[in-house]
Amino acid sequence: MSVISTRKDGDVLVVTSNNPPVNALGQAVRAGLAAAMAEAAADDAIKAVVITCEGRTFFAGADITEFGKPPVGPSLPEVIDAIEASPKPVVAAIHGTALGGGLEVALGCHYRIAAASAKLGLPEVKLGILPGAGGTQRLPRVVGVEAALPMIVKGDPIPAAAAERIGLVDKLVADDGLAESGVEFARSVIGAASHPVSSARTDKLDTSLGDAFFDEFRKTELRRLKGFEAPEACIQAVRAAIELPFAEGVKKERELFGKLVSGTQSRALRHVFFAERAASKIDDIPADTPVLPIAKVGILGAGTMGGGIAMNFLTAGIPVTILEREQAALDRGVAIIRKNYERSAARGKFTAEQVEQCMARLTPTLEMTDLADCDLVIEAVFENMEVKKEVFTKLDAIVKPGAILASNTSYLNIDEMAAVTKRPEAVLGLHFFSPANVMRLLEIVRAARTAPAVLKTAMALSKKIGKVAVVSGVCHGFIGNRMLSPRQQAANAMLMQGITPWAIDDALTDFGMPMGPFQMSDLAGLDLGWDKDSSKGETIRDVLCERDRRGQKTGKGFYDYDENRRRTPSAEVEAIIAGFVAKSGQAAQSFSSEEIRNRLLFPMVKEGAKILAEGMAQRASDIDTVWINGYGWPAYTGGPMFWADTIGLDVVVEGLKAFGHEVSPYLADKAAKGERFNG
Ligand code: T1G
């Protein structure tokens with residue numbers, strides 16, 4: 001059965017794609033569209049064409065799984081050129097998300113109508129490429145450069161209403177009866193003397209835009225895209241739309257596309273795309289495992305984590321009861337939640353009405369019994385096992401049977417918490433990352449007795465609250481924090497070899513991490529868990545804290561900070577470190593930035609390999625997803641495991657040995673066989 005079907009509605013040919021799940025423009029779809037256009041051309045009774053899609057969305061782009069494989073015709077540009085060249089008007093009827101090649105198909109059509117709930121965008125830059133089927137040349141011609149540039153460089157889709165405002169969509173229609181609306185619109189233009197041809201349009205092209213405009217755009221928009229190659233290529237392609245005739249602009253687009261698509265960054269970002277989707281799959285639970293209803297959530301602790309966690313559910317429309325021990329702490333927590341919503345509303349993320357609706361779903365309480373009828377209760381209390389066990393014991397006695405009990409612990413053993421309850425099958429970890437209402441990552445910690453339905457419910461819920469969830473087994477620090485420890489140890493070891501904190505931090509920020517280990521320590525506070533009374537200046541941290549260098553909060557830590565919290569290297573810290581190196585009797589070393597980076601990251605990969613060998617993560621790409629969404633690992637390198645694959649596991653193993661690390665048989669074997677973590 002062809003994925004493309006056609007039917008005549010009077011003198012209009014309705015061309016429908018049915019290629020679930022997202023009508024990706026794979027070879028069969030392209031061939032079907034080309035055949036449909038030929039059918040329309042050959043039939044004089046046909047006066048117009050409507051292109052529409054079945055299922056949840058209009059074409060969501062080229063089929064990314066075809067990348068890197070030998071191309072099979074017709075190519076997407078050929079199909080789009082055929083649509084655009086049709087003397088009979090072609091109308092795109094859009095619902096769901098018209099993305100990438102899907103929007104390029106629509107731009108090849110003479111008219112576009114869209115369901116009000118639809119979204120339109122060119123997200124190729126998020127895959128490390130750029131629109132490669134004429135989008136960088138047609139979109140500026142249809143909506144102007146000022147509107148087209150951010151859509152292409154940032155890749156964020158826009159709602160149909162905004163698309164109509166900029167002239168990308170000719171008419172907004174109801175969600176239902178889209179094909180009929182398409183036929184009606186097509187009939188309304190059949191008699192027109194001519195039809196708009198995107199590639200031929202110049203009315204919206206402001207040819208006066210030059211260096212100043214593009215440089216200003218670079219200054220404001222590329223700062224957050226540091227390290228990514230595709231955004232600059234997108235700018236050059238859009239600039240070609242102003243400076244070159246269409247055919248030459250398309251040639252330029254193709255050159256830029258060709259370079260990017262075969263590059264490491266795009267391969268890494270495509271890996272990240274599929275990794276995030278794979279993470280939601282739990283290999284060993286039956287597909288028919290039920291998802292339990294979660295209509296009400298309880299949160300223990302209204303501190304920073306508890307408040308942020310609550311916001312996820314409130315925003316998703318789920319009522320939350322939040323518990324604290326004292327009224328003052330409860331009031332403070334609720335006030336911070338409101339302040340966070342109002343701050344987001346000020347940035348246009350919520351309307352004032354939506355803020356009130358979210359706050360109305362929140363019930364503050366001092367009574368644990370008010371959590372009795374919750375379907376899920378998440379504790380975010382002090383990170384201490386005895387406290388956790390006490391909380392789980394109480395909750396187990398109060399909360400209705402069948403409800404899920406979860407811990408937001410960052411490190412502690414969930415099995416131990418489950419063991420103090422009579423419902424270990426309903427206990428798991430839900431490890432959010434701070435700020436919990438912002439960070440996309442959620443580590444779902446599967447305890448030894450967690451039931452499949454509880455696990456599946458947690459995964460489904462994570463999607464509902466907009467999180468990227470990854471399943472971790474029970475081990476100290478789960479996936480993310482467990483791999484963070486060897487990096488911190490390596491950083492501390494290099495300090496004792498005379499490498500400065502700023503050389504170490506710079507090696508990581510140059511690699512693309514948001515910050516290095518010593519900046520992070522200064523942000524968190526060096527005196528976390530430090531005891532003034534027992535401190536004897538035995539470690540660098542002891543001495544720093546004794547000298548009131550406790551981090552950003554005291555204006556100095558490993559760095560000195562100015563009133564704007566800008567950091568500068570500290571001569572005092574350098575001297576303190578030099579003193580420790582001299583006392584250790586070790587000779588001060590000097591490492592290149594690359595060696596510093598490898599000394600920090602190779603041990604993380606080693607730990608990742610252990611996590612895989614122990615089955616604490618289902619797949620290597622899950623580890624990549626954790627580090628990209630929870631720790632700011634640069635997505636354009638694909639995550640720690642994909643990065644290791646890119647540089648070669650043999651190189652990692654040799655490096656680890658050179659740095660004095662033992663290498664597990666699992667990792668050594670993979671390297672010896674020339675294998676990769678990600679198949
Ligand atoms: N190609 C292949 N598979 C795709 C796909 C695509 N473009 N988009 C989604 N899938 C798969 C996905 O892996 C998953 O599979 C299933 O569909 C459901 O996806 C020439 C070159 C459309 C907003 O970047 O953003 O066009 O895990 O879980 O949350 O210029 O998918 O079930 O096996 O994400 O409802 C540009 C990518 C391509 C859009 C739906 N297009 N897709 O989100 O479902 S490059 C994109 C999305 C291009 C041209 C260039 C989202 C979605 P599985 P899902 P969702």
Side-chain angles (χ1 to χ4, degrees), residues 3 17 19-30 33 53 55-69 71 73-81 94-108 117-139 148 151-159 230 233-234 237-238 250 253-254 256-263 266-267 269-283 287 440 459-460 462-469 618-619 621-622 625 635:
V3 286
S17 172
N19 183 31
V22 295
N23 284 299
L25 289 151
Q27 194 278 336
V29 174
R30 299 192 306 270
L33 286 172
C53 294
R56 62 177 163 184
T57 181
F58 192 73
F59 306 112
D63 187 334
I64 308 170
T65 62
E66 289 184 350
F67 288 25
K69 296 178 184 152
S75 73
L76 191 54
E78 287 165 351
V79 173
I80 295 172
D81 290 348
I94 297 168
H95 76 294
T97 51
L99 300 176
L103 182 54
E104 290 173 299
V105 166
L107 283 163
S117 60
K119 289 197 168 161
L120 299 84
L122 294 173
E124 285 87 342
V125 70
K126 296 180 190 232
L127 297 170
I129 52 178
L130 48 73
T136 67
Q137 305 305 303
R138 287 192 172 91
L139 186 66
M151 283 182 72
I152 295 172
V153 175
K154 297 199 281 185
D156 300 324
I158 62 172
C234 289
V238 171
V250 164
E253 174 192 278
R254 211 128 308 144
L256 293 164
F257 180 88
K259 266 203 222 106
L260 291 170
V261 79
S262 54
S266 180
R267 273 192 300 111
L269 290 164
R270 291 180 334 243
H271 161 73
V272 171
F273 176 85
F274 288 115
E276 283 189 12
R277 281 142 188 91
S280 65
K281 303 190 169 61
I282 307 168
D283 295 343
R440 293 180 70 217
M459 188 56 83
S462 67
K463 206 161 190 179
K464 192 165 178 190
I465 61 173
K467 298 298 182 194
V468 176
Q618 294 188 89
R619 51 191 81 85
S621 62
D622 283 4
T625 300

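Counting convention: from 1, in listed order, for ligands and their atoms alike. Below, each value reflects all heavy atoms present in this structure, side chains not excepted, and no hydrogens, waters or symmetry copies.
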Closer than 4.0 angstrom: is that true for some heavy atom of [X] and an atom of ligand 1?
X: L99; value: yes
X: K126; value: no
X: E276; value: no
X: G132; value: yes

Test of understanding: with ring-ring contact (aromatic ring centres under 6.0 Å, His included), list the residues that count as partners of H271, not counting sequence neighbours.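 F642.
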Working to the nearest 0.5 angstrom, can you tell me the gap between T65 OG1 and R270 CZ?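 One gets 10.5 Å once the value is rounded to the nearest 0.5 Å.
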Just verifying a value: how many Å separate T57 OG1 and N19 CG, rounded to the nearest 0.5 Å?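 Reported to 0.5 Å precision, the distance equals 11.5 Å.
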Of the backbone atoms (N, CA, C, O) and the side-chain heavy atoms from C-beta on, which set of [X] has a member under 4.0 Å from an atom of ligand 1: side chain, backbone, both, or neither?
X: I64; value: both
X: L127; value: side chain
X: A60; value: both
X: D63; value: both
X: F58; value: neither

Where [X] and [Y] come nearest, the two heavy atoms and their spacing:
X: P74; Y: Q27; value: CD-NE2, 4.2 Å
X: F257; Y: L130; value: CD1-O, 3.1 Å
X: S17; Y: N23; value: OG-OD1, 2.8 Å
X: A24; Y: A62; value: CB-O, 4.3 Å
X: F58; Y: A98; value: CD2-CB, 3.7 Å
X: A278; Y: S621; value: CB-OG, 4.5 Å

Students should be able to answer this: which protein heavy-atom is nearest to [atom], and at what distance?
atom: atom 29 (O) of ligand 1; result: K463 NZ, 4.1 Å
atom: atom 55 (P) of ligand 1; result: R56 NH1, 4.3 Å
atom: atom 21 (C) of ligand 1; result: F67 CZ, 3.5 Å
atom: atom 5 (C) of ligand 1; result: V22 CG2, 3.8 Å
atom: atom 34 (O) of ligand 1; result: R277 NE, 2.6 Å
atom: atom 49 (C) of ligand 1; result: E104 OE1, 3.2 Å
atom: atom 33 (O) of ligand 1; result: K281 NZ, 3.9 Å

Hey, is [atom] under 4.0 Å from any protein heavy atom?
atom: atom 15 (O) of ligand 1; answer: no
atom: atom 43 (O) of ligand 1; answer: no
atom: atom 18 (C) of ligand 1; answer: yes

Ligand-side contact atoms (ligand 1) for residue partner [X], heavy atom cut-off under 4.0 Å:
X: P131; result: 30 (O)
X: F273; result: 8 (N), 9 (C), 13 (O), 37 (C), 42 (N), 47 (C)
X: P123; result: 24 (O), 41 (N), 46 (C)
X: T97; result: 22 (C)
X: F274; result: 13 (O)

Taking [Y]'s backbone N and O only, do any of them form a donor-acceptor pair with [X]'s side chain (distance below 3.5 Å, no angle check)?
X: Q137; Y: E253; value: no
X: E78; Y: R30; value: no
X: H95; Y: S117; value: no

Mind checking what makes salt bridge (charged side-chain N to carboxylate O under 4.0 Å, His left out) contact with R277, not counting sequence neighbours?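 Salt bridge (charged side-chain N to carboxylate O under 4.0 Å, His left out) list for R277, sorted by chain: empty.
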Closest candidate by heavy atom, reference atom 11 (C) of ligand 1, pool G101, A62, P21, G134: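 Considering heavy atoms of G101, A62, P21, G134, the nearest to atom 11 (C) of ligand 1 sits in P21.
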Between L107, L120, V238, which is the residue that forms a side-chain contact (heavy atoms from CB on, under 4.5 Å) with L139?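 Going through L107, L120, V238 one by one, the side-chain contact (heavy atoms from CB on, under 4.5 Å) with L139 is satisfied by L107 alone.
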Does K119, at its NZ atom, have more than 12 non-hydrogen atoms belonging to other residues, nucleotides or ligands within less than 6.0 Å?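 Atom NZ in K119 is not packed in, count stays at 12 or less.
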